[in-house]
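Here is how names work: the chains are called A, B, and so on, in the same order as the sequence lines, proteins then strands, and each is numbered from 1.
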Amino acid sequence: MATGARHPTLAMGDTPRLGRRFYARYTPTVARELLGCLLVRVEGKKRLSGIIVETEAYRGSGDPASHAYSGKTRRNEVMFGEPGHAYVYFTYGFHHCLNLTTEREGIPGAVLIRAVEPVEGVETMIARRGLEDAARAADGPGKLTQALGIDRRLNGEDLISSKRLFVEAGSGPVPVGTSARVGIKLGVDRRWRYYVKGSRFVSRGRPAVAHSQNP
DNA sequence: GTTCCGATTTTCT
DNA sequence: GAAAATCGGAACA
């Protein structure tokens, strides 16, 4: 049980908030180590938070599933900037997705937050989703942004200095599982989805191949 | 329990 | 004009 994610920024136990250096690394590593950390959203004086239980890594030109695959555009420019910022985009006409940027400046990378386990402000979160069960309040990328009140106004937010959105280190290592990423057509061979094994709060995702027989 | 399909907007070709 | 890092409801077993 001694093996698992380590959090370099916690080495001295000084600050609970993850620092710039945590994000400025190889994206899949950041995605894995974000599991167990606490995503915090502050609205006015109200604090909403949840433990990150599911993530996916997206990189640049070598990753066909990434928004940054075809180069820099106005939408994805945050992925190319300084690590430790929020990349929020609107998709499918309904949903926002929250990513945290990674890699050093100039190198595109981001971690998609797919699910959290509600911790603070649970009643607010389930009320927004019209549910009673906290386990389903934030078990998908579009669901958690709705529960936490995250939209494109937070695109580009600096997670190191922001008072509205940031991440705090977890209390310790968690059991990690991996799988192919969800909802993409290309790049499925890379197992860059990470989740907390055994957690009830992860999204189910879709089995990439149910009955296909590839020779 | 699982699988299929439509809704609706932004973004890019 | 087409596709998209999704969700929720309907249909079926």
task = Searching all strands shown, indicate the nucleotide that pairs with B/dT3 (Watson-Crick or G-U wobble; both distances under 3.5 Å).
result =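 Because both required distances fall under 3.5 Å, B/dT3 counts as paired with C/dA10.
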request  = Please determine, for B/dT8, whether a Watson-Crick or G-U wobble partner exists with both distances under 3.5 Å, and give it or none.
outcome  =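 In the structure as shown, B/dT8 has no Watson-Crick or wobble partner.
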Listed nucleotide nearest any side-chain atom of [X], set [options]:
X: A/R75; options: B/dT11, C/dG8, C/dA5; answer: B/dT11
X: A/R114; options: C/dT6, C/dA4, C/dG8; answer: C/dT6
X: A/F90; options: C/dA5, B/dT10, C/dC7; answer: B/dT10

ask   = Counting any heavy atom closer than 4.0 Å, what does A/R136 reach on the DNA or RNA strands: base, sugar-phosphate only, or nothing?
value =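 No contact.
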ask   = Touch check for A/I184, heavy atoms < 4.0 angstrom, all strands: base, sugar-phosphate only, or nothing?
value =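 The answer is sugar-phosphate, as A/I184 gets under 4.0 Å only of primed atoms, P, OP1 or OP2.
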Does the pair [X]/[Y] count as a salt bridge with the N-to-O cut at 4.0 Å?
X: A/D189; Y: A/R181; result: no
X: A/R25; Y: A/E103; result: no
X: A/E82; Y: A/R104; result: no

query = Does A/K185 place a side-chain N or O at less than 4.0 Å from the phosphate oxygens OP1/OP2 of C/dA3?
reply =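 For A/K185, the contact criterion (side-chain N or O under 4.0 Å from OP1 or OP2 of C/dA3) is not met.
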ask   = Quick one: is B/dC12 close enough that its OP1 or OP2 comes under 4.0 Å of any side-chain N or O from A/T73?
value =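 For B/dC12, OP1/OP2 do have a side-chain N/O of A/T73 under 4.0 Å.
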Roughly, in whole Å, what's the span from [atom1] in [X] to [atom2] in [N]?
X: A/D139; N: C/dA5; atom1: CG; atom2: P; value: 20 Å
X: A/N76; N: B/dT13; atom1: CG; atom2: P; value: 10 Å
X: A/L131; N: C/dG9; atom1: CG; atom2: P; value: 10 Å
X: A/K72; N: B/dT11; atom1: NZ; atom2: C1'; value: 17 Å
X: A/E56; N: C/dT6; atom1: CD; atom2: P; value: 7 Å
X: A/H67; N: C/dA4; atom1: NE2; atom2: P; value: 10 Å
X: A/L144; N: C/dC7; atom1: CG; atom2: P; value: 9 Å
X: A/H95; N: B/dA7; atom1: NE2; atom2: C1'; value: 9 Å

request  = Assign each of A/R152 and A/F94 to its nearest nucleotide of DNA chain B by heavy atoms, then name whichever residue's nucleotide is nearer the 5' end.
outcome  =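 Taking each residue's closest nucleotide, the earlier one in sequence belongs to A/F94.
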message = Need to verify one output field. Residue with the more 5' nearest nucleotide on DNA chain C, A/Y89 or A/Q146?
response =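 Upstream on the strand: A/Y89.
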query = Can the positive tip of A/R21 be found less than 6.0 Å from the middle of the six-membered ring of A/Y23, inside 45° of the ring normal?
reply =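 Negative - A/R21 is either too far from the ring of A/Y23 or too far off its axis.
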inquiry  = Quick check, does A/Y58 stack with C/dA5? I mean ring centres under 5.5 Å and planes off by under 30°.
reply    =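 Ring-base stacking flag set for A/Y58 and C/dA5.
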inquiry  = Side chains of A/S203 and A/E54: any donor to acceptor distance under 3.5 Å?
reply    =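 Present: a donor and an acceptor within the cut-off.
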